[in-house]
Amino acid sequence: MTSDSGQEKTTEEGTMTIGERKAKMEQLRAKMRSTTKANRASLIEESSKAKMTARDTARLERQRKLAEVLRTQAEAEDRGEDVERQKNWEWTIEENDNWEKKKARKARRADYEFHDDVHAARRRYKKDLDLIKPDLVAYNRQKEAVLGLAPGSLSKSGSSTPSSSALTTFDPSGGQVVPSPEQRMAAESFYRDANTLLYADNKPTEDAIDRVVGKINRDIDKKGKFSRKRLNEDEGDITYINERNRVFNKKIARYYDKYTSEIRASFERGTAL
């Protein structure tokens with residue numbers, strides 16, 4: 001069967017004329033050229049995408065969002081609608097309250113001026129709160145001991161409602177649930193107040209100690225690198241008439257002071273020719 005098909009193919013090729021063979025060769029060459037051109041275009045496109053940085057991607061995304069906003073505004077103006085009112089319809093009451101709280105918190109944190117020690121301490125405390133990641137596993141373990149739950153019940157169910165009572169006994173005479181001594185000790189240790197006599201019994205883990213040491217080292221590095229221009233900073237002679245002129249003079253001095261310092265010194269000494 002294979003030999004017969006091979007003979008038929010040879011016979012068919014043998015019947016082709018020279019012109020037909022040239023035409024078929026030109027078709028193959030044209031197909032090869034188009035394939036090479038398409039591969040090169042695809043390679044150039046992939047190379048240009050690889051050269052695009054994250055900043056360029058963000059810039060294109062901002063431009064796309066701006067175009068969408070302008071298009072939405074134009075369509076709303078054509079319909080005679082209020083754009084802001086239409087946008088506010090997309091927000092729920094809870095989302096609006098969260099947004100207002102976020103704006104108020106941002107406005108409070110934008111006040112960098114020093115008022116008093118209490119205000120500075122509160123700002124520092126609020127910043128530190130943002131970096132705290134509570135250990136919920138250890139918290140649930142302590143709460144299980146207080147509520148008398150089986151180990152791992154809070155972490156599995158994810159709720160704080162007691163479903164079993166392993167450390168609690170029932171008093172038949174009074175009909176009330178009486179906590180066991182272990183549960184009372186755990187509750188006293190967990191819910192402490194001003195009258196609690198327990199203190200200095202907490203043993204932090206190695207991870208907690210490492211977090212504290214890392215936080216202290218970051219604060220020391222940040223304080224060493226901190227630099228801020230003081231409003232009453234002495235800048236020498238006043239050679240400007242406004243803030244814009246001061247910045248311009250500072251830029252000029254950065255490039256030309258090394259050439260004009262000797263001339264200015266001669267003028268100040270009165271020895272200039």
Side-chain angles (χ1 to χ4, degrees), residues 40-74 77 83-84 87 98-133 209-273:
R40 183 172 179 80
S42 177
L43 180 63
I44 293 174
E45 183 180 359
E46 291 180 1
S47 177
S48 61
K49 287 182 179 179
K51 291 180 180 179
M52 184 178 295
T53 60
R55 181 177 297 179
D56 296 334
T57 306
R59 177 176 55 81
L60 293 176
E61 184 66 19
R62 288 196 300 269
Q63 292 178 356
R64 186 186 63 80
K65 289 183 179 179
L66 179 60
E68 291 180 358
V69 170
L70 294 177
R71 180 177 59 83
T72 305
Q73 291 178 355
E77 289 177 358
V83 181
E84 295 297 330
K87 182 186 289 187
N98 294 333
W99 176 252
E100 294 296 334
K101 291 179 181 179
K102 185 177 180 180
K103 288 176 61 178
R105 182 169 63 252
K106 187 176 181 180
R108 289 196 304 269
R109 294 189 176 185
D111 184 14
Y112 293 104
E113 296 183 2
F114 179 80
H115 298 282
D116 50 24
D117 293 333
V118 176
H119 182 265
R122 184 180 181 277
R123 281 181 54 84
R124 182 61 179 272
Y125 173 71
K126 290 294 184 180
K127 283 187 176 181
D128 291 343
L129 281 181
D130 295 339
L131 302 176
I132 290 179
K133 296 180 180 179
I209 295 175
D210 292 340
R211 285 199 302 269
V212 173
V213 173
K215 176 66 169 57
I216 294 174
N217 292 334
R218 287 195 300 270
D219 292 343
I220 293 174
D221 295 340
K222 187 176 181 180
K223 187 175 181 180
K225 297 177 182 178
F226 181 75
S227 177
R228 183 180 61 195
K229 184 182 180 303
R230 303 302 192 268
L231 297 177
N232 57 353
E233 184 177 355
D234 186 13
E235 295 186 354
D237 297 334
I238 304 299
T239 60
Y240 52 88
I241 58 176
N242 52 32
E243 182 65 19
R244 185 176 180 181
N245 184 240
R246 183 188 70 81
V247 175
F248 178 77
N249 291 346
K250 192 174 181 179
K251 291 180 180 179
I252 292 294
R254 189 184 306 157
Y255 294 101
Y256 295 102
D257 264 6
K258 56 184 178 181
Y259 304 112
T260 61
S261 58
E262 185 177 354
I263 299 175
R264 285 190 288 104
S266 299
F267 273 115
E268 291 176 359
R269 292 194 305 266
T271 59
L273 297 179

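Note that the coordinates shown come from a computational prediction; the quantities given were computed from them, not determined experimentally.
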In a table with atom names and distances, give each donor-acceptor pair under 3.5 Å that connects a side chain of residues 251-261 to protein atoms at least two apart or in another chain.
residue, atom, partner, partner atom, Å
Asp257, OD1, Arg264, NH2, 3.3
Thr260, OG1, Tyr256, O, 3.0
Ser261, OG, Asp257, O, 3.3

Tell me which donor-acceptor pairs under 3.5 Å the side chains of residues 209-217 have, and how far apart each pair is, sequence neighbours excluded?
residue, atom, partner, partner atom, Å
Lys215, NZ, Asp128, OD1, 3.1
Lys215, NZ, Asp219, OD1, 3.2
Lys215, NZ, Asp219, OD2, 2.6
Asn217, ND2, Val213, O, 3.2

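Around atom CZ of Arg64, more than 12 heavy atoms belonging to other residues, nucleotides or ligands sit under 6.0 Å away. Within 6.0 Å of CD in Glu100 there are more than 12 heavy atoms belonging to other residues, nucleotides or ligands.
A salt bridge is defined here as a Lys NZ or Arg NE, NH1 or NH2 lying under 4.0 Å from an Asp or Glu carboxylate O, and Glu68 with Arg71 fails to meet this definition.
Minimum heavy-atom separation, Asn245 to Tyr240: OD1-CA, 3.0 Å.
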(request) May I have the step-by-step check of side chain to side chain contact (heavy atoms under 4.5 Å, CB included) for Arg244 and Phe248, ending in yes or no? (result) CA-CA 6 Å; Arg244 185 176 180 181; Phe248 178 77; 5.9 Å; no

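The CG atom of Leu43 sits 7.5 Å away from the CZ atom of Arg40 when rounded to the nearest 0.5 Å. Interatomic distance, Arg124 CZ to His119 NE2, rounded to the nearest 0.5 Å: 14.5 Å.
Counting only heavy atoms from C-beta outward, the side chains of Arg59 and Arg62 approach each other to under 4.5 Å.
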